[in-house]
Number of protein chains: 2
Amino acid sequence: MNVRRHDPERRSRIIDACLDVVAEVGVAGVSHRKIAAAADVPLGSMTYHFDGIDQVLYDAFTRFAQAASSQFEARMSAAGTAQEARRAVADLIVTDTLSTQRELVLMQELYTLAARIPRFRGITSAWMAASRAALERHFDPATARLLDATIEGLSLHRALDTEPHDPQVALDAIDRILATADRKAHRP
Amino acid sequence: MNVRRHDPERRSRIIDACLDVVAEVGVAGVSHRKIAAAADVPLGSMTYHFDGIDQVLYDAFTRFAQAASSQFEARMSAAGTAQEARRAVADLIVTDTLSTQRELVLMQELYTLAARIPRFRGITSAWMAASRAALERHFDPATARLLDATIEGLSLHRALDTEPHDPQVALDAIDRILATADRKAHRP
DNA sequence: GCGTCATGCGTACGACCGTACACACCAAGC
DNA sequence: GCTTGGTGTGTACGGTCGTACGCATGACGC
């Protein structure tokens with residue numbers, strides 16, 4: 001027997017490389033050859049480790065969504081007071097996972113795939129459910145849903161704006177939404 | 001001289017066909033051949049009427065954005081009272097341009113392109129500016145911006161939700177935002 | 001009627017694609 | 001040391017791609 005059936009380290013490197021390639025040339029531009037070159041693995045490895053390019057994309061976006069989701073959750077659960085929660089939501093928009101152009105591009109690519117291909121909606125719905133759950137640690141469900149949608153919208157505007165975003169805009173938006181929210185203590 | 005230099009009717013049909021193809025297979029799947037087949041024009045027409053596939057996409061998304069923008073503007077300017085404006089915003093989300101899966105997919109594809117390629121941001125920024133201007137007919141600028149972002153977010157959630165969207169959610173969200181808005185009379 | 005010339009098309013070429021598959025490699029059993 | 005069998009790779013094939021380009025077409029000036 002050889003050491004392992006599927007070298008997980010190599011497989012993992014392919015997934016990371018896939019995200020890099022997607023961020024650079026978009027889902028439209030990915031190919032086995034480009035990913036293999038970026039991961040520095042032979043072309044043959046691609047078909048060996050994955051059934052097809054769809055599976056590579058699926059696994060790559062799953063990893064991306066889970067990473068973003070964990071960061072979101074960590075940020076929200078670190079907030080103790082209501083004021084900290086408010087600040088945490090703002091940070092999510094202006095300095096967190098969704099802050100670099102790379103992350104924003106990947107997010108958009110994932111949304112686009114999910115909008116067109118039902119199979120990918122599993123990834124986005126899990127992500128959205130996790131975000132909402134994290135927000136519901138501090139806010140009532142209706143507010144969590146509204147905040148979630150607004151975060152998406154502001155992030156999108158951020159991705160498409162040519163000039164740098166003013167953090168105050170996000171803070172103001174959140175304050176206005178929270179002004180209409182049920183007061184809810186932080187769950188112990 | 002021949003009748004015309006660039007037959008506009010044929011060129012226009014190619015643009016429409018391009019949107020159809022993108023809606024079906026995504027930007028990742030478009031090709032000269034598929035668009036030509038969908039438009040029922042010879043393959044050679046593609047390079048004759050357009051400099052490259054990027055230009056086809058650019059023109060197609062420009063048309064799409066302008067159509068959506070006009071509809072948005074028409075919907076908002078038809079509203080006279082504040083109550084009608086509130087209803088108009090809700091309609092934008094639940095029954096208007098952004099309501100069919102086709103429109104939502106195209107919108108996502110455009111956003112993704114714009115996030116990655118600065119050239120396409122001209123289309124999205126014009127669209128966003130027009131939306132905001134239409135909203136500012138009824139609401140103060142800060143509210144218009146917040147509404148705009150929230151509309152985007154709710155539309156996105158709608159595109160990715162597996163189950164049909166409850167219109168009441170959109171209405172509630174708008175009401176909560178408007179509850180914090182400056183009262184502003186409809187400009188004559 | 002006929003030459004002229006811009007319009008628009010059919011075709012073919014080279015590049016790149018996904019993937020099948022033969023096989024090199026190497027650890028383990030004996 | 002030899003056999004064996006799974007692991008991972010290199011290569012080549014059939015197909016699709018964008019696009020360059022030669023040429024058919026038909027309207028116009030005369």
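All of these numbers come straight from a predicted model, not from anything done at the bench. Labels below follow one simple rule: chain letters A, B, ... track the order of the sequence lines, proteins then strands, and each chain is numbered from 1.
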> Out of curiosity, A:Leu135 CG to A:Met76 CE, how far, rounded to the nearest 0.5 Å?
Replying inline: 5.0 Å
>> Would you compute the distance between atom CD1 of A:Ile151 and atom CG of A:Leu92 and round it to the nearest 0.5 angstrom?
In response: 5.5 Å
Atom pair distance, as rounded to whole Å: [atom1] in [X] and [atom2] in [N]:
X: B:Arg13; N: C:dG8; atom1: CZ; atom2: P; result: 13 Å
X: B:His49; N: D:dA20; atom1: NE2; atom2: C1'; result: 17 Å
X: A:Met46; N: C:dC17; atom1: CE; atom2: C1'; result: 13 Å
X: B:Leu57; N: D:dG18; atom1: CG; atom2: P; result: 10 Å
X: B:Gln55; N: D:dT19; atom1: CD; atom2: P; result: 11 Å
X: A:Asp51; N: C:dA20; atom1: CG; atom2: C1'; result: 14 Å
X: B:Phe50; N: D:dA20; atom1: CZ; atom2: P; result: 16 Å

> Using the C1' atoms of the five pairs at each end, what is the angle between the end axes of the helix from C:dG1-D:dC30 to C:dC30-D:dG1, to 10°?
Replying inline: 0°
>> At less than 4.0 Å, is any side-chain N or O atom of B:Arg11 found next to OP1 or OP2 of C:dT7? Yes or no.
In response: no
>> Quick check on D:dT9: is either OP1 or OP2 less than 4.0 Å from any side-chain nitrogen or oxygen of A:Ser45?
In response: yes
> Is the shortest heavy-atom distance from the side chain of A:Asp148 to the side chain of B:His157 under 4.5 Å?
Replying inline: yes
>> For a 4.5 angstrom cut-off between non-hydrogen side-chain atoms, does A:Thr124 reach A:Phe61?
In response: no
With sequence neighbours left out, what residues match [X] under salt bridge (charged side-chain N to carboxylate O under 4.0 Å, His left out)?
X: A:Asp59; value: A:Arg11
X: B:Asp175; value: B:Arg86
X: A:Arg63; value: A:Asp16

> side-chain hydrogen bond (donor to acceptor under 3.5 Å, both in side chains): which pairs involve residues 107-121 of chain A, sequence neighbours left out?
Replying inline: A:Glu109-B:Arg116, A:Tyr111-A:Glu152, A:Thr112-B:Thr112, A:Arg116-B:Glu109
>> Run the salt bridge (Lys or Arg N to Asp or Glu O under 4.0 Å) test on B:Arg13 and B:Glu9 for me, step by step, so that the C-alpha distance in whole Å, both residues' side-chain angles and the decisive distance to 0.1 Å come before the verdict.
In response: CA-CA 6 Å; B:Arg13 220 167 61 222; B:Glu9 187 270 337; 3.2 Å; yes
Find every protein N or O atom lying less than 3.5 Å from an N or O atom of nucleotides 11-17 of chain D, and list the pairs.
from	atom 1	to	atom 2	distance (Å)
D:dC17	OP1	B:Ser31	OG	3.2

